[in-house]
Amino acid sequence: MSVLDAPAGTGPRPRAADLGTGLVPVFARLKLTLLRNGLRQSAGRRAAYIASVAGAVLIALGQVLGLVLLRGNAHASSVTVLLIAILALGWAVMPLFLGAGDETLDPTRLVMLPLRPRPLIVALLVSSLIGIGPLFTVCLAAGSVSAVAHGAGAVVFAVLAVPLALLVCVALARCVTTANSRLLSSRKGRDLAVLSGLVIAVGIQVVNFGVQRLGRTGGLSSLDPTADVVRWLPPASAIGSVHSASQGAYGRAVVQLLLTVAALVLLLWLWQRTLTKLMTAPDGSTVAAADPERKKSGRGGDGLWALFPEGRTGTVMQRTLRYVARDPKTKAAWVTALAVGLIVPVLNAMQGTGSVYFACFCAGMLGIQMYNQFGQDTSAFWMVALTISSTRDAYLELRARALALLLITLPYTVLVSVVTSALLKDWVRLPGVTGLSLALLGAMLATGAVASVNYPYSVPQEGAFKNVAPGQAGLAWISILGGMVSAALLSAPVIALTIGLHVSGSEDLLWLVVPVGAVYGALIAWGGLRLAAPRMVERLPEILGAVSKG
């Protein structure tokens with residue numbers, strides 16, 4: 001039983017810092033210390049984090065500039081309230097799947113400490129305000145109110161609206177995360193994240209196509225009906241109050257602002273209840289599930305596994321595919337990649353505005369699975385490291401992992417190309433998009449192998465919502481984005497060939513792109529594996545240390 005439900009007058013007496021705001025600076029310093037110590041580990045990690053901060057700030061400033069330029073537009077209010085609503089939705093779902101948490105925000109680490117729920121929530125809320133996400137949110141909220149605030153009264157409401165919108169977003173994220181932490185702490189529970197991740201991926205694409213449709217259906221005026229409803233939903237209602245005050249409707253503005261305050265209070269109350277339950281109620285997922293009579297399955301050599309080659313190649317391929325089938329985080333990444341890789345070209349084709357070459361997006365999404373190959377092994381990578389003593393061992397390990405991915409990615413990429421061509425009834429360009437996709441897939445395998453060796457990062461297992469260890473998020477994004485850009489550049493010859501055939505009117509020769517793309521992709525992939533193998537032998541201790549931190 002935790003101290004959270006201990007009877008009054010029993011157990012250790014909490015210190016004054018636990019009963020008031022004295023706990024806030026402790027958690028704030030803890031988060032800053034963890035961040036600082038994480039950045040001290042390597043210059044590359046510092047550079048990646050600084051680049052992430054700079055990128056987020058530049059994007060935020062660009063958004064702020066766009067919102068400021070929107071000032072005076074008749075539909076500025078509709079844009080701003082919908083923007084804040086989408087931002088709040090992102091706060092609610094993204095921390096569960098993008099690894100935005102850290103140790104200071106993990107309530108399960110605080111069970112044995114003499115902390116009361118109310119001061120603990122305040123401290124966690126304040127520490128949650130430290131980071132790139134809150135800074136980005138403040139910039140967008142400030143830009144939104146600047147676009148709709150006219151007059152001194154509106155400025156007063158704007159000063160209150162910005163912090164309220166930020167607090168609601170952060171409290172919503174923490175409430176959702178805490179409420180789902182027990183559910184997703186077991187393997188079967190974490191498997192539900194696969195479906196949730198798929199829903200989010202579909203939702204993102206719906207927003208994307210909604211924006212595209214906006215440009216074809218009358219501009220910003222088409223947002224007004226939706227915005228009229230959303231402006232009464234927190235935290236967008238805080239921005240709506242600023243617009244109402246600008247129009248002189250102070251009564252309506254007060255009601256909208258009070259709705260945001262009420263939402264914040266409700267979220268904090270729900271957070272407190274779920275936090276107390278989480279830290280005091282028994283956890284059924286910790287009960288031993290071992291059943292000596294349980295039928296074992298999946299032994300090597302049975303069924304389809306017997307078709308795999310013998311030796312290291314077959315063993316590594318089986319291990320990689322078992323990760324895809326059994327590890328919740330690996331499974332979630334694959335399901336999301338497969339779904340989004342199909343949704344983007346198919347929805348574009350169904351709208352009649354897409355190109356058959358949108359199918360290449362599938363190859364890019366699936367190729368990302370080659371990145372951070374050793375992170376999914378976590379601390380168990382030491383067993384793999386013990387078997388690698390030469391460049392050939394490293395090459396065989398990387399090649400087998402790439403072959404396992406090709407068993408899924410290669411037929412799926414061709415399938416998506418065929419489906420997209422069928423929906424658009426554009427069979428002439430099918431060879432071109434297929435060959436280009438094969439070349440891109442080979443380039444992604446090559447750059448993924450190099451990135452896995454040079455920029456490994458851990459995938460924490462104890463946190464249901466963390467796919468990157470604290471301090472490594474910037475490194476992960478830089479690795480993936482840098483690799484994707486490199487893959488696009490490596491595919492340039494096949495891209496040039498495809499464009500040349502279209503420009504010259506020789507579309508009947510597009511069938512040449514298929515063998516060229518397949519051979520070129522295979523050569524690029526082989527070259528990337530050869531380049532990464534000796535580097536892997538040199539960096540085995542660093543790789544083991546990096547992937548074991550989770």
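None of these values were measured; they are calculated from a predicted model.
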Does the [X] side chain pair with the main chain of [Y], one donor and one acceptor, at a distance under 3.5 Å?
X: S452; Y: M370; value: yes
X: K331; Y: V324; value: no
X: T137; Y: G133; value: yes
X: E507; Y: V503; value: no
X: R429; Y: V356; value: no
X: R399; Y: R530; value: no
X: S506; Y: H502; value: no

Might you point out which heavy atoms bring [X] and [Y] nearest each other, and give the distance in Å?
X: R535; Y: V453; result: CG-CG1, 3.4 Å
X: V176; Y: A92; result: CG1-O, 3.5 Å
X: V346; Y: L423; result: CG1-CD1, 3.8 Å

Quick one, [X] and [Y] - any side-chain contact, counting heavy atoms below 4.5 Å?
X: V537; Y: S390; answer: no
X: L321; Y: I408; answer: yes
X: V416; Y: P345; answer: yes
X: L396; Y: R392; answer: yes
X: V26; Y: L30; answer: no
X: T387; Y: R312; answer: yes
X: S417; Y: F358; answer: no

- request: Could you list the residues that satisfy side chain to side chain donor-acceptor pair (under 3.5 Å) with T330, not counting sequence neighbours?
  value: D327
task: Identify, with sequence neighbours excluded, every residue that meets side chain to side chain donor-acceptor pair (under 3.5 Å) alongside T447.
output: Y371
message: Assess whether a salt bridge exists between R539 and E542, defined as any Lys/Arg side-chain N lying under 4.0 Å from an Asp/Glu carboxylate O.
response: no
message: Could you check whether E397 pairs with R319 (Lys NZ or Arg NE/NH1/NH2 to Asp/Glu carboxylate O, under 4.0 Å)?
response: yes
task: Would you mind listing every ring pair (Phe, Tyr, Trp, His ring centres under 6.0 Å) that reaches into residues 381-415, with sequence neighbours excluded?
output: F374-F381
message: Under a plain distance cut-off of 3.5 Å, with no hydrogens placed, do N372 and Y455 share a side-chain donor-acceptor pair?
response: no
